[in-house]
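Okay, structure first, notes after.
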Amino acid sequence: MTAPRPVPSAPLLRGSVVPSFAYTTIKDRLPVILAKVIDHFVRRQHREHIKGSSAAATEDAAATAAAAAEDTAWDDRSASELRRIRDDIAALKYAMARDRPLEPLVAAADASADEATDVALWNAALDELDAAERSWFKAPWLFIECFMYRLLRQSLLATTTWRDYDLFESEKQASLFGSAESILRMASAALGVRAAADRDAAAELIQFSLWGNQSDLSLFVNAKHDEAHKHQISGKDQLASSSSSIIVNDMDAVLDKLAAIRTGTVVIVLDNAGFELFGDLCLADYITQTTECTVVFEGKLFPWFVSDTTARDFDFVVDECALLADKREHDNLREAVARWRAWVASGRWVLRFDPFWTTPFPFWRMPERAPALLKQLSDAQLVMFKGDLNYRKMVHDAAWPPHTPFAEAIGPIASSGIAPFVMLRTCKSDTVAGLRPGQAAELDAIDKDWMVNGKFGIIQLHQ
Ligand SMILES: O=P(O)(O)OC[C@H]1O[C@](O)(CO)[C@@H](O)[C@@H]1O
């Protein structure tokens with residue numbers, strides 16, 4: 001007999017609760033993300049069309065240059081497959097807006113064994129929902145938002161030419177380019193050769209890594225990428241003023257923990273690529289120089305929540321930092337990138353992409369769904385979970401009274417044997433635990449959107 005699924009005592013967040021951030025997300029934000037993907041493809045078609053017409057090409061040189069830079073070959077097959085993907089996404093957007101039933105995934109006829117297993121996993125997760133809640137607004141928000149990204153992947157997997165295409169890559173890259181000034185500023189403030197541990201430096205790096213989580217392309221769906229640097233926290237002078245916005249601050253305990261670690265593994269469960277990843281690399285740089293630890297980075301197997309870090313994104317950020325360092329003659333950054341590349345080559349830095357991170361399951365299900373991963377996280381000295389989605393998954397995406405003890409909100413994870421872990425998250429969804437009694441009301445009076453606007457941060461340790 002299988003053990004009953006662990007279920008939180010607080011209600012799960014859902015789009016059927018109005019008003020709620022889940023409702024706003026499914027009604028407004030996710031459709032914008034889908035519309036932008038459709039638009040991305042329409043522009044691609046336009047560029048290919050222009051390329052075929054020399055007269056038009058002279059009128060639209062920018063489009064022609066962009067077409068020349070495309071990495072997906074364009075022929076009859078890729079063109080017709082692209083039309084099919086566009087149709088799939090338009091149908092998805094339509095079904096979401098009308099709260100249509102969630103349909104099971106269908107494995108492609110030539111699906112590999114891994115793909116077929118993954119399709120079965122998602123369909124089993126779908127089957128766990130009650131029939132009455134199996135639609136876009138009625139299902140748990142966590143499930144449907146993950147499901148949307150998996151459906152996008154399914155549409156690509158059903159093709160031959162677009163299987164490995166990243167629908168969000170150009171946005172992620174544009175956002176990184178727009179963060180160049182912040183990267184240089186943080187590199188000056190936070191990077192360098194370290195002979196010994198330095199508590200103040202560690203505290204600054206943890207804060208940079210935390211606030212980097214504000215750079216999230218799934219929340220700020222209309223962000224102007226070339227202005228990204230204007231909103232980023234990248235200088236020490238900004239840290240003092242932002243510290244009052246850290247609403248759970250276990251910094252001292254995290255620094256104690258870090259100072260006690262000498263060997264073993266530190267795991268960083270990554271979130272967004274681009275500027276956030278750069279801050280995480282700076283923090284990992286400190287840990288690697290001041291301990292003998294291996295740092296394991298856990299990224300995403302496929303494009304996820306727009307800007308989450310895939311293997312290609314990781315390489316792109318490192319490579320772009322190298323180019324930027326050369327272009328702007330920034331020695332700190334150039335030397336840091338050399339260290340990072342050497343650590344990746346020597347195995348001191350390890351990149352992993354566990355499939356569990358791209359499932360819809362809250363971490364409460366990790367003991368049963370990903371025991372090998374949990375074992376790795378248990379063997380570590382410290383685990384750092386970045387970002388809002390990891391927080392949502394940790395607390396089962398439930399509407400906890402905010403003063404619920406964090407150890408209660410993480411359910412079975414508390415007794416799972418997992419290593420001490422810290423959540424570094426800016427608040428972008430209406431779930432939180434571990435506040436002081438009365439603190440939520442105080443925050444309501446300061447900023448009614450404190451739970452969701454990304455202006456408030458959390459450094460929350462469990463040990
Ligand atoms: O990149 P993060 O910090 O995990 O955030 C994920 C995003 O997904 C959501 O949780 C849901 O869209 C947002 O609220 C948040 O912006």
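This structure is a prediction, so every number in the text was calculated from the model and none was measured. In each ligand, atom 1 is the first atom listed, and ligand 1 is the first ligand listed.
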When only distance counts, is [X] in polar contact with ligand 1, meaning an N/O pair under 3.5 Å?
X	value
Asn272	yes
Asp271	yes
Phe305	no
Arg29	yes

Mind checking whether Lys386 contacts ligand 1 via backbone (N, CA, C, O), side chain (CB onward), both or neither, at a 4.0 Å heavy-atom cut-off? neither
What part of Trp304, side chain, backbone, both or neither, has a heavy atom within less than 4.0 angstrom of ligand 1? neither
Go through ligand 1 atom by atom and flag the ones less than 4.0 Å from a non-hydrogen atom of [X].
X	result
Lys428	1 (O), 2 (P), 3 (O), 5 (O), 13 (C), 14 (O), 15 (C), 16 (O)
Arg392	9 (C), 10 (O), 11 (C)
Asn213	3 (O)
Asp388	2 (P), 3 (O), 4 (O), 5 (O), 10 (O), 14 (O), 15 (C)
Phe21	14 (O)

Please report the C-alpha distance between Tyr391 and Phe385 in whole Å, then the side-chain angles of each, then the deciding distance to 0.1 Å, and finally whether the ring-ring contact (aromatic ring centres under 6.0 Å, His included) criterion is met. CA-CA 8 Å; Tyr391 195 92; Phe385 287 99; over 10 Å; no
Is the charged tip of Arg341 near the ring of Trp349: under 6.0 Å from the six-membered ring centre and within 45° of its axis? no
I'd like to know if Glu115 and Arg153 make a salt bridge, using a cut-off of under 4.0 Å between side-chain N and carboxylate O. no
Could you give me the CA-CA distance, side-chain angles and deciding distance for Ser243 and Gln207, then say whether side-chain hydrogen bond (donor to acceptor under 3.5 Å, both in side chains) is met? CA-CA 8 Å; Ser243 68; Gln207 290 172 82; 5.5 Å; no
Pairwise side-chain contact, Arg312 with Glu169, heavy-atom cut-off 4.5 Å (strictly under): yes
Consider only side-chain N and O atoms of Trp141 and Asp397, and report whether a donor and an acceptor are under 3.5 Å apart. no
Taking atom types as modelled, is there a side-chain donor on Asn453 or Asp447 under 3.5 Å from an acceptor on the other? yes
Would you call the rings of Phe137 and Tyr23 parallel, tilted or perpendicular, where under 30° means parallel and over 60° means perpendicular? tilted
